[in-house]
There are 2 protein chains.
Amino acid sequence: MVTINDIAKLSGVSRTTVSRVLNNSGYVSEKAKQRVVEVINETGYVPSEQAKSLRTKKSKVIGVILPKISTETSSRVVDGIDRELSNHGYHILLANANLDTDKEIEHFKLLQSRRVDGIILVATNIEERLIQTIKDVNVPVVALGQDVPGVSSVLYDDYHAAFDVTSLFIKRGHKRIGFIGVDETDRAVGYERKKAYFDAMEKARLNVDPAWVQKGVFDIESGEKAMLSMLADSTQAPTAIFAVTDRLAIGAMQALKKKGIKIPEEMSVMGIGASDLSKYVTPSLSTVDYYNEKAGTETAKLMIEHIKNITEMTRKLSMSYGLIIRDSLL
Amino acid sequence: MVTINDIAKLSGVSRTTVSRVLNNSGYVSEKAKQRVVEVINETGYVPSEQAKSLRTKKSKVIGVILPKISTETSSRVVDGIDRELSNHGYHILLANANLDTDKEIEHFKLLQSRRVDGIILVATNIEERLIQTIKDVNVPVVALGQDVPGVSSVLYDDYHAAFDVTSLFIKRGHKRIGFIGVDETDRAVGYERKKAYFDAMEKARLNVDPAWVQKGVFDIESGEKAMLSMLADSTQAPTAIFAVTDRLAIGAMQALKKKGIKIPEEMSVMGIGASDLSKYVTPSLSTVDYYNEKAGTETAKLMIEHIKNITEMTRKLSMSYGLIIRDSLL
DNA sequence: ACACGTTATGGAATCGATTACACATTATTT
DNA sequence: AAATAATGTGTAATCGATTCCATAACGTGT
């Protein structure tokens, strides 16, 4: 590997001068500069960011901790993050927590040891241990998707989105509305969306049969199971189903199809996420677009502001959302 | 930031001893060790991988260049890569080429400057410039998805997969089979799969109406367009459609639905990719599973072998595939 | 002719780790 | 008891860059 010293020797100057050429700083004569550039091109020298980082204490790398790599949401978010970061010369160091809080915490340590300039946490469940870990970290942390106390966060408006979905059903005349949620330890998806559903129902003075409220775990199969339980448990079936994610909604649709229940004639369905899937299932699924890519970009922007110390305080940014009305809705 | 020197001072030993404790190497008395560990825990010291890398010339980071981040294939592949790499203490530095060869080449330079231990290229089009760049790079490179000359590659068996799909149609009695491909500059997806289609047709002595052969660009919309062109251009429509990707196939299905052509009664459809989408469209799409995650894992394994110099020569690894027969097929 | 600002260059310290080597001290073998 | 081996620790060089500081040559205003 050719180093700055080699370039210095070959071009007959000191490594200080080479560094000046590299960074376009200080005084360098036109002649020296040309000679150095020449040698650099001949040798194919690429300066070591590592050595540079060690000295300057800036790595130009941002760690991104994901709950799971291969989900549509993750990949959209990462796309958005990268789009913004690469504009500022930053790279992404990936860390997959795989839905395991221990790993999440471990990744904070690992990313610190790599001296990343900041850490973006795409969050799910927020435990006390995690919050403590974040406090101990000495680089800026920005969270996406969950409101982490004391940490700048980019948030989806889960409450209002879920409220709007439920209200939409109500406005269309539905009185019996079922709900498929996830565990409430997930504050955003589990707790907030559920609360909004209940609030909307209560506001419209609509009754909620406990059997209409079911729980799944983020995949299609569990949505199917939840739907079947709902049909089995309730004396009177709902006429509409609000599932907190598209995959749960599509699972519910699978169950309904198998039961011969017509969508949307006998049952309306809505999800959240605007997944690719939602557009191409039959009937196409009404859903909520969370603009994940935009959310990623905003998170990255916030991170850069923190790094540049433009923003000192912790900020909370609420994303907007958009309802997408398709055929699954009567 | 607390450094190894601080730890040394606080525990009253030299930094050599601290390093020994850190790496569990050489001789250290039990007493000294305990003292050092104690101080480390008190201070929350995290060793700098950067400084370590500079000295040891190993960064334990692998650069991954993706053609596009937010695709199902990419995220599955990255998942597989990470699964294997993290087992060996490696991290992934992400680089998004966004379907731009210039960027791809630029990323090679950038990753080199970060002194990654290896580069995994998830490839699409292979240009001469790219091959030259790879040659100039001085770290191991492994390609995934395309056969890059002189570079170890993990390959999908595009030819046989496509041949099998076409043959399956033929075996089921189809005589007029349409093809929706992509540009042949993509050797694997564009060229190989097309060649296999023609070879299978020829082997069965079946005629191919030029209008049956259409081209799209990796998205659903273009699949739809290609299908409409095929119907418009051909005097006699095919009874089966082989699209080289699931998204193209689903686009074709959309077109057929709009035209009121029944799948599979009037037209059978197959794709390649085993996307989530393929399972939940109606009718469910028959396709080929390329086991992307496994491919990612294998690529990572190959990379590690190269880094450890277990494998000196360039190797070509061909992945297996599996046909998934679903409702879109008569 | 003197002082001073501008331009050009290099020496040497520094960032935070690893590691070769030297030097004690203690334990074991003969 | 002397020779040898095992154990424990520190000094200093090193990795590849940046950057502070010193020094020198040169022009120019007075």
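Just so you know, these numbers use all the heavy atoms, side chains as well, and skip hydrogens, waters and symmetry mates. Treat the numbers as computed from the prediction; the structure is a model and nothing was measured. Here is how names work: the chains are called A, B, and so on, in the same order as the sequence lines, proteins then strands, and each is numbered from 1.
A donor-acceptor contact under 3.5 Å is not formed by the side chain of B/Arg115 with the base of D/dG16. Residue side chain A/Arg20 reaches the base of C/dG10 through a donor-acceptor N/O pair under 3.5 Å, judged by distance alone.
When the side-chain nitrogen and oxygen atoms of B/Ser48 are compared with OP1 and OP2 of C/dG16, none of them lie within a distance under 4.0 Å. Dashed line: the shortest gap from a side-chain N or O of A/Lys57 to OP1 or OP2 of D/dT18 is not under 4.0 Å. Between A/Tyr27 and D/dT23, a side-chain N or O to OP1/OP2 separation shorter than 4.0 Å is absent. A sub-4.0 Å separation between OP1 or OP2 of C/dT9 and a side-chain N or O of A/Ser29 is present.
Looking at the side chain of B/Asn23, the nearest of the listed nucleotides C/dG16, D/dA17, C/dT18 is C/dT18. Distance from the side chain of A/Lys52 is smallest to D/dA17 among D/dA17, C/dT18, C/dT9. Closest to the A/Ser19 side chain, of the nucleotides D/dT18, D/dT11, C/dA12, is D/dT18. Nearest nucleotide to the A/Thr16 side chain, out of D/dG16, D/dT18, C/dG11: C/dG11. Among D/dT9, C/dG16, C/dT9, the nucleotide with an atom closest to any side-chain atom of B/Val28 is D/dT9.
Across all strands, B/Val18 comes closer than 4.0 Å to no nucleic acid atom at all (heavy-atom distances). Among the protein residues, B/Asn5 comes within range of no part of the nucleic acid, since none of its heavy atoms lies under 4.0 Å from any strand.
Remark: P of C/dT18 and CZ of B/Arg15 are 11 Å apart, rounded to the nearest angstrom. We find that CD1 of A/Ile4 is positioned 7 Å from C1' of D/dG16, with the value rounded to whole Å. The NZ atom of A/Lys58 sits 13 Å away from the P atom of C/dG16 (whole-angstrom rounding). The interatomic distance linking A/Asn24 (CG) with C/dT7 (P) rounds to 15 Å, in whole Å. Atom CD of A/Glu30 is separated from atom P of C/dT9 by 11 Å (rounded to the nearest Å). Rounded to an integer number of Å, the gap from B/Arg114 CZ to D/dA17 P is 14 Å. Rounded to whole Å, atom P of C/dT9 lies 12 Å from atom NZ of A/Lys33. Remark: P of C/dT18 and CD of B/Gln50 are 14 Å apart, rounded to the nearest angstrom.
Both B/Gly26 and B/Arg55 lie near DNA chain D, and the one whose nearest nucleotide falls closer to the 5' end is B/Gly26. Mapping B/Met1 and A/Ser14 onto DNA chain C by nearest heavy atom places A/Ser14 closer to the 5' end of the strand.
The closest donor-acceptor contact from the side chain of A/Asp183 to the backbone of A/Thr185 lies under 3.5 Å.
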Could you walk me through whether A/Asn292 and A/Tyr156 pass the side-chain hydrogen bond (donor to acceptor under 3.5 Å, both in side chains) test, one step at a time?
-> CA-CA 9 Å; A/Asn292 300 112; A/Tyr156 301 114; 3.0 Å; yes

Give the intermediate values and the outcome of salt bridge (charged side-chain N to carboxylate O under 4.0 Å, His left out) for residues B/Lys60 and B/Glu49.
-> CA-CA 9 Å; B/Lys60 287 274 180 175; B/Glu49 280 293 324; over 6 Å; no

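Between the side chains of A/Gln146 and A/Asn125, no donor-acceptor pair of N or O atoms lies under 3.5 Å.
One finds the OH atom of A/Tyr90 at 4.0 Å from the CD1 atom of A/Ile307 (value rounded to the nearest 0.5 Å).
Residue A/Lys316 qualifies as enclosed at atom NZ: its count of foreign heavy atoms under 6.0 Å is above 12.
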